[in-house]
Amino acid sequence: MKKPVEWIRGVGAFLLALVVGIVAGSLVQTQFNLLALQNLGVEIGIGTRLKTSVEDLVNFVPVYAVIFGASFLLSQLVTSLCIRLLDLRWRTLYLSLGAAIGLWITFKLVDSLAPMPTLIAATRSAGGMAAMLATAGLSSWLFAHFSRRRVGFPGHFAVAAIITVGWMAPPAPVQADASSGYRLETLAIGLEHPWSLAFLPDGRALVTERPGRLRILSADGQQVSEPLAGVPKVFASGQAGLFDVLIAPDFDESRRIYLAYACGAWRANHTCVSRGKLMSGSLEDVQEIFRSLPAKTGDAHYGGRMEWLPDATLILTLGDGFDYREEAQKLTSHIGTIVRINRDGSAPADNPFITDPNALPEIYSYGHRNVQGVVFDWRTNRLIIHEHGPRGGDEINVIEAGKNYGWPVATLGLDYTGARVSPYTEYDGMESPALHWTPSIAPSGMTLYDGDLFPEWQGSLLVGALAERRVHRVVLSNDGAVDMETLFGELGERIRDVLTGPDGAVFLLTDSPDGRVIRVTPW
């Protein structure tokens, strides 16, 4: 009976260690996320801390169980084989070291494969990473202590593998809806991740492609020019690239256009704005007029939308760089803010923080995650934006100068792992959204429809959605907003930009390597 007893003991020791590692890892990531908020001055009482820890044990653990379980199983198997083959002493030490190294490799592998730079927020800092790895070492120590014997390649590893793989679940299907009352006409095709469209006074349009190309679309929409020369050098990687294009209010005289784009390199990049004169086949007299500070590493969350205000100052939306979300609460950083600049890039004299020596003068509002839709409602004199939440918590906000819009202190969203970003959905001194989408729709371009072709849409916001692959029609009131309906779901494509054309038609850009321009008119 000795071998069955050892086999049972080995399986039991492994499962105990696995559970301890998963629970300990969840508790560690919660405390480091809360610590990041405390460092911003957020008050977190013991009751809130305990409640958040329990919520993460429910929501974060299913994801972390797969990550940690696979890592722990493989690391203990490989380390055990090495111990046996090399006849090493200090078995417990080597198993613990192997578990920590295995988890570190797994974190790096997951981060390289996931769309976001860092999947588990606690690992953004060296201290958080070290604490997470320490939980793996603790788990391995428990495994070595309670199994007691040398570990070769017994059947309990196979049992553990079956249990570990069993935690994985398939994603939920995406449902489509049917729409009617309009006609979808494909114009330009073969565009590589088109990002923005801007109409010229003569009926032609400028269209940007994320890899860094600017083209001209003919007035009938059937012909696309070769890429224009003179476009600034763009950092194109992941979400980084060439973003918005906007023509100057005095374009007829100045011929100037404005471009928002990512500039720099992987380890040090920014959101930049340049302006240049649109000539035949090229941009000339190109000047960089704004560069967000400080530089960040990675290729996520740039914002990149622009809009003119009635006084001809320029609004530029920015993102939090994903791994830099706490920067959105700091007035010494452009990261996670909306900025307002003059046409030459200088800060307007009436900006809200212009006299604050501890704030960057261009900042107009802050506490944003990744703002990629902006319109100015000339009827009500309101600046309206939407921004991406993480897993849920996409927002529409009405922007007032100098206000704090909460991220990451107040949010209705969770991290992509299911972990709490913050225990608070509201916080004193921070503005709440007019509307939020949970689960997330991944909002993109947005237009305030003011055309005549669709009278029932007049005054509505048309919000593109990347994840949902459709457009939401939203009606904004004085005390909130209502999501009225979804449109164009039959396309089944990621919608990157939505624009009202000069004739009242709606124009859509689809986000793909073979993107297209679509014109929407009534039947």
Side-chain angles (χ1 to χ4, degrees), residues 114-119 121 124 193 195-196 210 235 237-244 260-262 269-273 292 294-307 315-330 333-339 363-375 383-397 399 404-416 421-422 430-431 433-446 463-468 472 494-498 511:
M116 62 290 297
T118 305
L119 182 63
R124 293 177 297 160
H193 294 287
W195 214 92
S196 176
R210 197 174 66 206
F235 168 54
S237 172
Q239 296 176 7
L242 180 57
F243 306 131
D244 213 356
Y261 56 98
N269 56 77
H270 319 257
T271 302
C272 293
V273 175
S292 64
K296 66 177 187 63
T297 299
D299 57 5
H301 290 194
Y302 291 86
R305 291 287 179 190
M306 298 182 290
E307 178 67 299
I315 289 291
L316 170 68
T317 72
L318 298 168
D320 69 347
F322 195 90
D323 279 349
Y324 300 83
R325 63 195 189 196
E326 289 79 19
E327 293 291 302
Q329 288 295 318
K330 300 176 183 178
S333 170
H334 289 129
I335 292 173
T337 70
I338 293 174
V339 298
I363 294 177
Y364 192 70
S365 63
Y366 63 111
H368 301 289
R369 184 172 183 266
N370 190 23
V371 181
Q372 291 197 321
V374 56
V375 296
L383 181 67
I384 305 163
I385 64 100
H386 70 60
E387 57 188 286
H388 290 267
R391 187 170 153 184
D394 297 341
E395 298 180 354
I396 287 183
N397 286 298
I399 300 301
N404 181 347
Y405 288 82
W407 178 257
V409 176
T411 177
L412 288 150
L414 302 175
D415 260 332
Y416 294 107
V421 174
S422 170
M430 299 180 183
E431 303 300 308
L435 174 70
H436 75 91
W437 286 284
T438 302
S440 175
I441 67 168
S444 53
M446 176 171 65
V463 182
L466 297 164
E468 273 205 344
H472 286 248
R494 290 162 54 89
I495 306 299
R496 172 57 72 182
D497 200 11
V498 186
D511 179 45

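Given the structure is predicted, the values throughout are model-derived calculations rather than measurements.
- Counting all heavy atoms, side chain and backbone alike, S444 lies closest to A465 at OG-N, 3.7 Å.
- Note that the CD atom of E307 and the CG atom of L316 stand 12.0 Å from one another [nearest 0.5 Å].
- The one candidate from I384, L383, I315 that meets the side-chain contact (heavy atoms from CB on, under 4.5 Å) condition with V375 is I384.
- Considering CD1 of I495 and CD of E468, their distance stands at 11.5 Å, rounded to 0.5 Å.
- For the atom pair S196 OG and M306 CE, the distance stands at 7.0 Å (nearest 0.5 Å).
- Of the possible donor and acceptor atoms, none in the side chain of T271 sits under 3.5 Å from a partner among the backbone N and O of S292.
- In terms of heavy-atom proximity, L318 sits nearest to V339 at CD1-CG1, 3.8 Å.
- A donor-acceptor pair under 3.5 Å is absent between the side-chain atoms of S440 and the main chain of D394, judged by distance alone.
- In this structure, Q329 and W407 approach most closely via the heavy-atom pair NE2-O, 2.8 Å.
- The side-chain hydrogen bond (donor to acceptor under 3.5 Å, both in side chains) with N397 is formed by just one residue from the set E387, H386, H368; it is E387.
- Heavy atoms only, all atoms of each residue included: H388 and R369 are closest at O-CD, 3.2 Å.
- The closest side-chain heavy-atom distance from L412 to E395 is not below 4.5 Å.
- Remark: the backbone N or O of G392 is not paired with any side-chain donor or acceptor of T438 at under 3.5 angstrom.
- Using a 4.5 Å heavy-atom threshold, the side chains of H334 and I363 count as touching.
- With hydrogens and angles disregarded, no donor-acceptor distance shorter than 3.5 Å links the side chain of D299 to the backbone of Q239.
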**Asked** Can Q372 and W195 be said to form a side-chain contact (heavy atoms from CB on, under 4.5 Å), step by step?
**Response** CA-CA 11 Å; Q372 291 197 321; W195 214 92; 3.5 Å; yes

Given R496 and L466, is the side-chain contact (heavy atoms from CB on, under 4.5 Å) satisfied, shown in steps? CA-CA 6 Å; R496 172 57 72 182; L466 297 164; 3.7 Å; yes

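- Although no hydrogens or angles enter the test, the distance criterion places a donor-acceptor pair under 3.5 Å between the side chain of Y324 and the main chain of T297.
- For the pair L242/R210, no side-chain contact is recorded, criterion being any heavy-atom separation below 4.5 Å from C-beta on.
- A distance of 7.0 Å separates CD1 in I385 from CE in M446, rounded to the nearest 0.5 Å.
- Rounding to the nearest 0.5 Å gives a distance of 11.0 Å between CD of E326 and CD1 of I335.
- Taking the six-membered ring where the residue is Trp, H301 and F322 present perpendicular rings, their angle passing 60° and hence far from 30°.
- Between W437 and H472, the distance separating the two ring centers is shorter than 6.0 angstrom.
- At distances below 3.5 Å, at least one donor-acceptor pair connects side-chain atoms of N269 with backbone N or O atoms of K296.
- Shortest non-hydrogen contact noted between P117 and D323 is CB-OD2, 3.6 Å.
- Once rounded to the nearest 0.5 Å, the distance linking CZ of R305 with CG of D244 reads 5.0 Å.
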Mind running side-chain contact (heavy atoms from CB on, under 4.5 Å) on R391 and D415 for me, showing each step along the way?
CA-CA 6 Å; R391 187 170 153 184; D415 260 332; over 6 Å; no

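- Contact record, A260 with G304: CB-O, 3.5 Å, taken as the closest heavy-atom pair.
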